[in-house]
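It should be emphasised that the depicted structure is a prediction, and the values quoted were computed from it without experimental measurement. Values below: every heavy atom of this structure, side chains too, minus hydrogens, waters and symmetry copies.
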Amino acid sequence: MFEKLVIITRERWQIIAVVALVIIGSCWQMFQNDSSSNLVQASTSIDSVSNTGDSKDTKATNSNNQVTVQSRKININTASSSELQKIPGVGPAKAQLIVEYRQNKRFESIDELLNISGIGPKTFEKLRDHVTVE
């Protein structure tokens, strides 16, 4: 049924190249998955260590008793303009208005953000869970 299978040198090298590419691709995929999980862990560690008082971390403990950062609240009384721009719905113009507002009067409540021009009820709902006053 099967006649003698003859593989010439050129075909042998092609087969070796395909097998090598499969092995390299598998190793690369494993490396990428391992690297991305390490980056997430390192980022979480750095965020929890580098808390400068400008923001408040809300933390949760998972089943392995590892602390993970769930959300990071920005203190609108002390945050810089660039930090304020990390809040959803706050761009450079609104960040500047927040800084100018607090130069005249310290925020007593996050509800005072509604006093800022351009921050209405819809925008306020987007940023409510991301800000704090201390």
Side-chain angles (χ1 to χ4, degrees):
M1 181 168 162
F2 291 104
E3 293 182 27
K4 188 175 179 183
L5 182 66
V6 178
I7 299 176
I8 59 174
T9 305
R10 184 173 164 199
E11 292 172 331
R12 189 178 306 136
W13 282 111
Q14 289 174 342
I15 293 170
I16 291 171
V18 169
V19 170
L21 287 173
V22 168
I23 292 170
I24 291 170
S26 298
C27 291
W28 181 256
Q29 186 176 12
M30 287 176 18
F31 173 77
Q32 290 290 16
N33 289 341
D34 189 36
S35 294
S36 64
S37 78
N38 287 341
L39 287 174
V40 170
Q41 290 172 353
S43 174
T44 302
S45 298
I46 289 169
D47 285 345
S48 63
V49 169
S50 68
N51 187 4
T52 61
D54 289 341
S55 60
K56 179 180 176 184
D57 288 339
T58 304
K59 298 180 181 177
T61 305
N62 65 15
S63 61
N64 296 332
N65 289 331
Q66 294 175 333
V67 177
T68 57
V69 177
Q70 282 184 333
S71 66
R72 184 173 202 153
K73 294 193 174 191
I74 308 271
N75 184 345
I76 56 176
N77 279 320
T78 58
S80 67
S81 178
S82 62
E83 290 173 319
L84 290 169
Q85 291 177 43
K86 295 177 185 176
I87 302 169
V90 177
K94 287 180 187 167
Q96 184 59 36
L97 290 172
I98 292 170
V99 170
E100 289 172 4
Y101 180 91
R102 73 174 185 221
Q103 287 173 346
N104 298 324
K105 180 183 178 214
R106 184 173 171 81
F107 286 96
E108 299 295 324
S109 162
I110 62 170
D111 294 332
E112 289 182 51
L113 285 170
L114 290 167
N115 296 337
I116 304 293
S117 176
I119 298 180
K122 287 182 181 180
T123 303
F124 180 73
E125 286 304 314
K126 281 191 228 176
L127 56 89
R128 155 180 251 139
D129 294 332
H130 301 280
V131 297
T132 186
V133 293
E134 294 177 2

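- Of all the heavy atoms in Gln85 and Ala95, the pair that sits closest is CG-CB, 3.8 Å.
- Here the closest heavy-atom approach between residue Leu84 and residue Arg102 is recorded as CD1-NH1, 4.1 Å.
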Please list every donor-acceptor pair under 3.5 Å in which a side-chain atom of residues 115-125 meets a protein atom from a residue at least two apart or in another chain.
{"from": "Asn115", "atom 1": "ND2", "to": "Tyr101", "atom 2": "OH", "distance (Å)": "3.2"}
{"from": "Glu125", "atom 1": "OE2", "to": "Arg128", "atom 2": "NH1", "distance (Å)": "2.9"}

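- Contact check for Thr132 versus Ile74: no side-chain heavy atoms found under the 4.5 Å cut-off.
- The hydrophobic cluster containing Ile16 also includes Trp13, under a criterion of side-chain heavy atoms closer than 4.5 Å among ILVMFWY residues, counted directly or through chains of members.
- Note on residues 90-100: pairs passing side chain to side chain donor-acceptor pair (under 3.5 Å), not counting sequence neighbours, are Gln96-Glu100.
- Residues passing the side chain to side chain contact (heavy atoms under 4.5 Å, CB included) test with Leu21: none are found, sequence neighbours excluded.
- Note that CG of Asn75 and CD1 of Ile110 are 11.5 Å apart. Values are rounded to the nearest 0.5 Å.
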*Could you give me the CA-CA distance, side-chain angles and deciding distance for Ile98 and Phe107, then say whether side chain to side chain contact (heavy atoms under 4.5 Å, CB included) is met?*
CA-CA 9 Å; Ile98 292 170; Phe107 286 96; 3.8 Å; yes
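- Applying the salt bridge (charged side-chain N to carboxylate O under 4.0 Å, His left out) test to pairs two or more places apart or on separate chains, those with a residue in residues 112-121 are Lys105-Glu112.
- In this structure, CZ on Arg106 lies 7.5 Å from OG1 on Thr78, to the nearest 0.5 angstrom.
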